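Predicted model only: the values in this text are computed from it and were never measured.
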Protein chains: 2
Amino acid sequence: MDPRLDRDVSNCSIARTLEVVGEKWTILILREVWYGSSRFSDFERVLGCPRNLLATRLRMLVEEGILATETYKEPGSRSRPKYVITPKGMDLVPAVMGLLQWGDRYRADPEGPAVLARHRACGAHVDVQVRCERGHSVQAEDIESVPGPAFRMKPAE
Amino acid sequence: MDPRLDRDVSNCSIARTLEVVGEKWTILILREVWYGSSRFSDFERVLGCPRNLLATRLRMLVEEGILATETYKEPGSRSRPKYVITPKGMDLVPAVMGLLQWGDRYRADPEGPAVLARHRACGAHVDVQVRCERGHSVQAEDIESVPGPAFRMKPAE
DNA sequence: TATCTGAGTTTACTTTTCCATACTCAGCCA
DNA sequence: TGGCTGAGTATGGAAAAGTAAACTCAGATA
């Protein structure tokens, strides 16, 4: 990964993920889904996000298969849509927990974080860790990035 | 975490992290730092990012303590600044690896990812995992989010 | 002394995104 | 029939991002 190399960066998995969840509000919408929100009005109230953006982001998340719509019916009201997370959306949890963890460490209030993540089965605190296939815990500086099967050079100009 | 509760969301660690790294280009700049870039011209060439935004983002990352400037000197040239990652920046690795992993799974080219992460010591593939303090591997659906010490309700209007 | 280079800054313009607010629409209910 | 409610859509102005090019600045080189 020599920086002087003209790597083609168009198939980077980080950039491609950010195309889906890199817009303002998108990750915060997912946060609210994990915390239990499912209705348009829930998201609007707790996030304070403009309604048109909220509608656009929700539609995009559904198109991408990260959320799915179901219907709910309050007694005395007609059926309305709600948003639930899919397995594909669940797979974003490690990334978002990584953001949460960094914020807890460097930007939390003096008294601590606003939300704690616990293992439902044992109640212990949960965090994200980098590990290798052999089970070793890996420090960030011990990660080596090497070209993969889809590695490409920039086409000549 | 009842969605009907009017949680005060202003001290969320996810939102606070996104204030720092949630802008376009910022995470991609960090990606390039991990891959070995350190100079203004490296970032500009590989990212294709506008120079004025690149300067703004680099300045912000240095102010936040995620990058630091050092000087380098090529023989026959004067000393110039370069950007290196700090321990605070290294702590963003789990979050960014989470994004990488999701992109590898759902948005990679058919032949696979463009970059592979290996454990320098043993060469095995590296990934991010959610685990609890007791060492259990935790599935996303087994995470329970509970109010922490800085949990607050929205001030009454 | 003049020129070149890398690392920016500045400026000017276009495009996109964001935000706030108003409006619509469908069904329930009085 | 008319009002109410949740879930949107429409719109117009403000802010941010993108593009392109010129300008600066310090030291190295010719």
Side-chain angles (χ1 to χ4, degrees), chain A residues 2-6 9-10 15 18-29 32-33 36-64 67-84 157, chain B residues 2-6 9-10 15 18-30 32-33 36-63 67-84 157:
Chain A
D2 188 317
R4 255 124 298 199
L5 244 53
D6 272 319
V9 104
S10 67
L18 291 174
E19 284 167 19
V20 188
V21 298
E23 279 162 315
K24 216 163 175 168
W25 300 116
T26 308
I27 286 189
L28 300 180
I29 291 169
E32 289 310 312
V33 175
S37 295
S38 64
R39 302 173 189 185
F40 193 90
S41 55
D42 290 340
F43 300 124
E44 188 196 1
R45 183 166 35 77
V46 73
L47 294 177
C49 156
R51 306 165 67 73
N52 56 351
L53 290 188
L54 179 55
T56 307
R57 298 293 170 267
L58 285 171
R59 195 182 316 120
M60 193 268 295
L61 286 167
V62 170
E63 274 167 20
E64 290 289 336
L67 298 181
T69 45
E70 294 182 357
T71 53
Y72 75 96
K73 188 166 181 329
E74 294 272 303
S77 302
R78 69 194 165 107
S79 310
R80 300 180 188 285
K82 67 172 184 174
Y83 298 88
V84 297
E157 278 137 37
Chain B
D2 188 316
R4 253 124 299 195
L5 245 52
D6 272 320
V9 105
S10 66
L18 291 174
E19 283 166 20
V20 188
V21 298
E23 280 163 313
K24 220 163 175 167
W25 298 117
T26 307
I27 286 189
L28 300 180
I29 290 169
L30 292 177
E32 289 309 313
V33 174
S37 294
S38 64
R39 304 174 188 185
F40 193 91
S41 54
D42 291 340
F43 300 125
E44 188 194 0
R45 183 166 35 76
V46 74
L47 295 176
C49 159
R51 303 164 66 73
N52 53 355
L53 291 187
L54 179 55
T56 306
R57 297 293 170 267
L58 286 171
R59 195 181 319 120
M60 192 268 297
L61 286 167
V62 170
E63 273 167 21
L67 299 182
T69 44
E70 294 181 358
T71 53
Y72 72 96
K73 187 164 180 334
E74 295 270 303
S77 302
R78 69 190 168 109
S79 311
R80 300 181 185 286
K82 67 174 184 174
Y83 299 88
V84 297
E157 278 136 35

Trainee: Return the set of residues passing side-chain hydrogen bond (donor to acceptor under 3.5 Å, both in side chains) with E19(B) (not counting sequence neighbours), or none when no residue passes.
Mentor: none

Trainee: Would you mind building the protein contact string for nucleotides 20-30 of chain C? One character per nucleotide, 5' to 3', B for base within reach (heavy atoms under 4.0 Å), S for sugar-phosphate only, - for untouched.
Mentor: B-B---BSSS-

Trainee: Here's a test of your reading of the structure: between F40(B) and W25(A), which maps to the more 5' nucleotide of DNA chain C?
Mentor: F40(B)

Trainee: Could I get the full list of salt bridge (charged side-chain N to carboxylate O under 4.0 Å, His left out) partners for R78(A), not counting sequence neighbours?
Mentor: none

Trainee: Identify all side-chain donor-acceptor contacts of residues 20-28 of chain A below 3.5 Å with residues at least two apart in sequence or on another chain.
Mentor:
from	atom 1	to	atom 2	distance (Å)
T26(A)	OG1	E23(A)	O	3.3

Trainee: Run the side-chain hydrogen bond (donor to acceptor under 3.5 Å, both in side chains) test against S10(A) and tell me which residues pass, sequence neighbours left out.
Mentor: D8(A), R152(A)

Trainee: How close or far is atom P of dC18(C) from atom CG of L18(B), stated in whole angstroms?
Mentor: 13 Å

Trainee: Is the shortest side-chain heavy-atom distance between D42(A) and R39(A) below 4.5 Å?
Mentor: yes

Trainee: Checking R59(B) now: which residues fulfil side-chain hydrogen bond (donor to acceptor under 3.5 Å, both in side chains) with it, not counting sequence neighbours?
Mentor: none

Trainee: Using the test side-chain hydrogen bond (donor to acceptor under 3.5 Å, both in side chains), find all partners of T69(B) that sit at least two apart in sequence or belong to another chain.
Mentor: none

Trainee: What is the bend of the helix from dT1(C)-dA30(D) to dA30(C)-dT1(D) when you compare the axis at one end with the axis at the other, using five pairs each and rounding to 10°?
Mentor: 10°

Trainee: Answer whether the closest heavy-atom distance between the side chains of L67(B) and V84(B) falls below 4.5 Å.
Mentor: no

Trainee: For R80(A), what residues pass the salt bridge (charged side-chain N to carboxylate O under 4.0 Å, His left out) criterion, not counting sequence neighbours?
Mentor: none

Trainee: Send over the distance from K24(B) NZ to dT15(C) P, rounded to a whole Å.
Mentor: 16 Å

Trainee: Taking C-beta and beyond as the side chain, do T71(B) and K82(B) meet within less than 4.5 Å on heavy atoms?
Mentor: no

Trainee: Hey, where on DNA chain D does chain A first and last touch, going 5' to 3'? Cut-off is any atom under 4.0 Å from a heavy atom.
Mentor: dT5(D) to dT11(D)

Trainee: Below 4.5 Å, heavy atoms only, C-beta onward: do Y83(A) and L61(A) meet side chain to side chain?
Mentor: no

Trainee: Can you name the salt bridge (charged side-chain N to carboxylate O under 4.0 Å, His left out) partners of E70(B), sequence neighbours left out?
Mentor: none

Trainee: What is the distance from CZ of F43(B) to C1' of dA7(C), rounded to the nearest Å?
Mentor: 12 Å

Trainee: If you take any heavy atom closer than 4.0 Å to DNA chain C, which residues from residues 55-63 of chain B end up in contact?
Mentor: A55(B), R59(B)

Trainee: Would the distance check show the side chain of S37(B) and the main-chain N or O of V33(B) forming a donor-acceptor pair, the cut-off being under 3.5 Å?
Mentor: no

Trainee: More 5' along DNA chain D: K82(A) or E23(B), using each one's nearest nucleotide?
Mentor: K82(A)

